[in-house]
Amino acid sequence: MRHYLKEEQFLDEFYDWAVAAAAAVGNEWRPNSDCDDAARKQAAYFLKSGQMTWLTFSSASVHHPPNEDAYAQIVLESSNRIVTIWVSSTDRNAIAKIQVDQSK
């Protein structure tokens with residue numbers, strides 16, 4: 001299992017999965033390959049102040065059990081909600097499904 005706290009690192013390896021996840025939430029999240037520490041600090045400020053209306057990357061975990069296909073859990077949040085998305089691949093197509101979508 002690998003855990004990602006930096007969006008850009010997750011996107012470097014799993015951009016297609018991120019695009020599928022974004023589509024699953026109606027593009028309320030826009031994957032940001034240029035994310036950096038300054039962008040994370042700014043997002044944290046807006047989350048805490050209640051002004052983050054768009055979903056932003058919180059973390060992702062990629063699991064690759066023996067003899068099974070890999071899958072990821074991506075956690076996104078805004079000031080009002082937390083969304084967990086499960087993403088996997090079949091025949092090179094990423095499939096995303098919302099697991100949890102709850103208000104804060």
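For the numbers below, each heavy atom of this structure counts, side chains included, while hydrogens, waters and symmetry mates do not.
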J.: Name all pairs fulfilling the salt bridge (Lys or Arg N to Asp or Glu O under 4.0 Å) condition that reach into residues 39-55, sequence neighbours left out, sorted by first residue then second.
T.: Glu8-Arg40, Asp37-Arg40

J.: So, taking the atom named CZ in Phe46 and the one named OG in Ser79, what distance separates them when rounded to the nearest 0.5 Å?
T.: 9.5 Å

J.: Taking only residues two or more places apart in sequence or in another chain, which ones pass side-chain contact (heavy atoms from CB on, under 4.5 Å) with Asn27?
T.: Ala22

J.: Can you list the residues that meet the side-chain contact (heavy atoms from CB on, under 4.5 Å) rule with Thr53, with sequence neighbours excluded?
T.: none

J.: How long is the gap from OG on Ser33 to CG on Asp12, to the nearest 0.5 Å?
T.: 7.0 Å

J.: Run the side chain to side chain donor-acceptor pair (under 3.5 Å) test against His3 and tell me which residues pass, sequence neighbours left out.
T.: Ser61

J.: Tell me the closest heavy-atom pair linking Ser89 and Ala94, and the distance in Å.
T.: OG-CA, 4.2 Å

J.: Only counting residues at least two apart or in another chain, list the ones meeting side-chain contact (heavy atoms from CB on, under 4.5 Å) with Ala39.
T.: Cys35, Asp36

J.: Asp101: which residues meet the salt bridge (Lys or Arg N to Asp or Glu O under 4.0 Å) condition with it, sequence neighbours left out?
T.: Arg81

J.: Linking Ile, Leu, Val, Met, Phe, Trp and Tyr through side-chain heavy atoms less than 4.5 Å apart, which residues share a cluster with Phe10?
T.: Tyr4, Leu11, Phe14, Tyr15, Trp17, Val19, Val25, Trp29, Leu55, Phe57, Val62, Ile74, Leu76, Val83, Ile85, Val87, Ile98

J.: Using 0.5 Å steps for rounding, measure from the OG1 atom of Thr56 to the CD atom of Glu28.
T.: 12.5 Å

J.: Taking salt bridge (Lys or Arg N to Asp or Glu O under 4.0 Å) as the definition, give me every residue that meets it alongside Lys104, ordered by chain and number, with sequence neighbours left out.
T.: Glu77

J.: Quick one: side chains of residues 63-70, donor-acceptor pairs under 3.5 Å with protein atoms, not counting sequence neighbours, listed by atom name and distance.
T.:
none

J.: Is there a path from Met52 to Tyr45 through hydrophobic residues (I, L, V, M, F, W, Y) whose side chains come within less than 4.5 Å of each other?
T.: yes

J.: Taking salt bridge (Lys or Arg N to Asp or Glu O under 4.0 Å) as the test, write out the residues that go with Arg2, two or more places apart.
T.: Glu13

J.: Is there any salt bridge (Lys or Arg N to Asp or Glu O under 4.0 Å) pair reaching into residues 50-61, and which pairs are they, with sequence neighbours excluded?
T.: none

J.: To which residues is Tyr71 joined in a hydrophobic cluster, defined by side-chain heavy-atom contacts under 4.5 Å among Ile, Leu, Val, Met, Phe, Trp and Tyr, whether direct or through other members?
T.: Trp86

J.: Do you know the tightest heavy-atom contact between Ala96 and Ala24?
T.: CB-CB, 4.0 Å

